[in-house]
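Read through the structure below, which is laid out as structure tokens, and then see the notes.
We count residues from 1, following the sequence as given. Side chains included, hydrogens not; waters and symmetry mates left out as well; all remaining heavy atoms used.
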Amino acid sequence: MSVVTRFAPSPTGRLHAGNARTALYNWLLARGSGGRFILRSEDTDATRSEADHLEGILADLAWLGLDWDAGPDIGGQAGPFRQSERAEFYREFVGRLAEAGRAFPCWRTDEELARRRKEQLRAGRPPRYDREWAVLDPDEVARRRAAGHRPVIRFRAREDDEVRWTDLVRGERHLPAAEVGDFVLVRADGSAAFLFANAVDDALMGVTHVLRGEDHLVNTARQLALLDALELPVPRYGHLPLLAGESGERLSKRDGSLSLASWRDEGLLPAAVTNYLARLGLPWPDAHLMDLEAMAKAFDPHELSTARPRLDSHHLERWQHLALDDLDEEGFVSWAGEALAPVPADRLGAFVATVRHNVARPADVARWADIVFGGDHAVAGCPDAVPPEIFDAMVRAWDEHGPDLKALAADVRQETGAKGKNFFRPLRIALTGLEAGPELGPLLALMPADTVRRRLARCGNA
């Protein structure tokens, strides 16, 4: 059987790290088996879905390096791939359920349902839809219809069928029939609800495997009951532990700091993000930077952990540095972009070679470009508790030897006795304003001579 996976986001915001991890795993599963990967926009909620959000999601996935064989932008077999354009399919299948006695209208309002749930909770019972309570007198139904009310359509669950399945991640699972309940198929406005549209579309699009969050475990049981009632093919489901923020908080599309768009804007590389996300809850045999093709070949959903992983900015930074190390000079220059504007063309290669292992974002590159080639505004103050005579000796040694660091150190040591950290730390701080950074020898060779002399003299007696 050819593997077909999908990623089916709701276009209600930009992708966050958890969404991206789910998309990545589904892509790896498909590509690793030579199968197909489908992208579907679940936009039946017209009040929250926006075209701009879908465009942003497509851009985020493409930036990661993920491609798709069918989707809302390219079409494909079994389309369309926007649920808002698939209403005819939903009408057909809800009609089949109604004819089989497996769907019925419910005229109760949201307010009435909320009151019923509160009554059940007060009575110490779990809040569930009560089919008997839903029955209304025909005169009341007629009154509501005349007043413009519209019912929702609910699935009529069997009361004696336990739902069982073998989860790709969690093994054998089951849910008592009572937990399935009479869930909503069609909203009062006529649009298909998530559980219904999602399951029908997976079946019609030939989806064979679905990796998604553990918050869908109950939904899976309901969808299995639904697909059984419709006699439609059933995918194999695997439920991932939800990715948490660094403090354990649940991720949200409203938290822009954890969106792929924000990571891309600040300069994270796609290879850093994919290598980081792929390892959240999944052991890999290779601890080095991997491309997507290598990941796909090694990916095994059965190896996924059920422990809830947390984002870790330090680990993400490690992968960013590894991804930057993997770039050649041309790739680094392309990544840094306008941050390199202050660097003279004839010193570009030397500058990149000098700073590349001390930066993680284009903003870091811009800072070093300003330090090396900018004015003295880029370096504030002088090191504390360093005698000015040491800097005077540095100026004289500079005038004598220029950027020969070894000769500079020898002259200053002979004249003042300063050596080791008592020489290198004051020199670095005077020139860069920082305690750490690229090697001093290449920095001295890069900096304009008058800049070096001026910064050293500023910290001396002159």
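- At least one donor-acceptor pair under 3.5 Å links the side chain of Asn26 to the backbone N or O of Leu211.
- Residues passing the side chain to side chain contact (heavy atoms under 4.5 Å, CB included) test with Leu242, sequence neighbours excluded: Glu214, Asp215, Arg250, Arg308.
- Residues Leu15 and Ser259 form no side-chain contact, since every pair of their non-hydrogen atoms from C-beta on lies 4.5 Å or further apart.
- Side chain to side chain, Ser191 and Arg187 meet the donor-acceptor criterion of an N or O pair below 3.5 Å.
- Residues meeting the side chain to side chain contact (heavy atoms under 4.5 Å, CB included) test with Pro233, sequence neighbours left out: Ala203.
- Listed by chain and number, the residues in a side chain to side chain contact (heavy atoms under 4.5 Å, CB included) with Ala199 are Gln223, Leu226, Leu227 (sequence neighbours excluded).
- Side-chain contact between Leu224 and Tyr237: present, with at least one pair of heavy atoms (C-beta onward) separated by less than 4.5 Å.
- Listed by chain and number, the residues in a ring pair (Phe, Tyr, Trp, His ring centres under 6.0 Å) with Phe183 are Phe155 (sequence neighbours excluded).
- At least one side-chain heavy atom of Arg425 sits less than 4.5 Å from a side-chain heavy atom of Glu435.
- Between Tyr25 and His209, a ring centre-to-centre spacing not shorter than 6.0 Å is recorded.
- Remark: side-chain polar atoms of Glu329 are not paired, donor with acceptor, to backbone N or O of Val352 under 3.5 angstrom.
- The side chain to side chain contact (heavy atoms under 4.5 Å, CB included) test applied to Pro388 returns Asn461, not counting sequence neighbours.
- Panel note: side chain Thr451, backbone Met447; no donor-acceptor pair is recorded below 3.5 Å.
- Side-chain atoms of Asp43 never come within 3.5 Å of backbone atoms of Arg82 as a donor-acceptor pair (strictly under, hydrogens ignored).
- The side chain to side chain donor-acceptor pair (under 3.5 Å) check on His314 picks up nothing, with sequence neighbours excluded.
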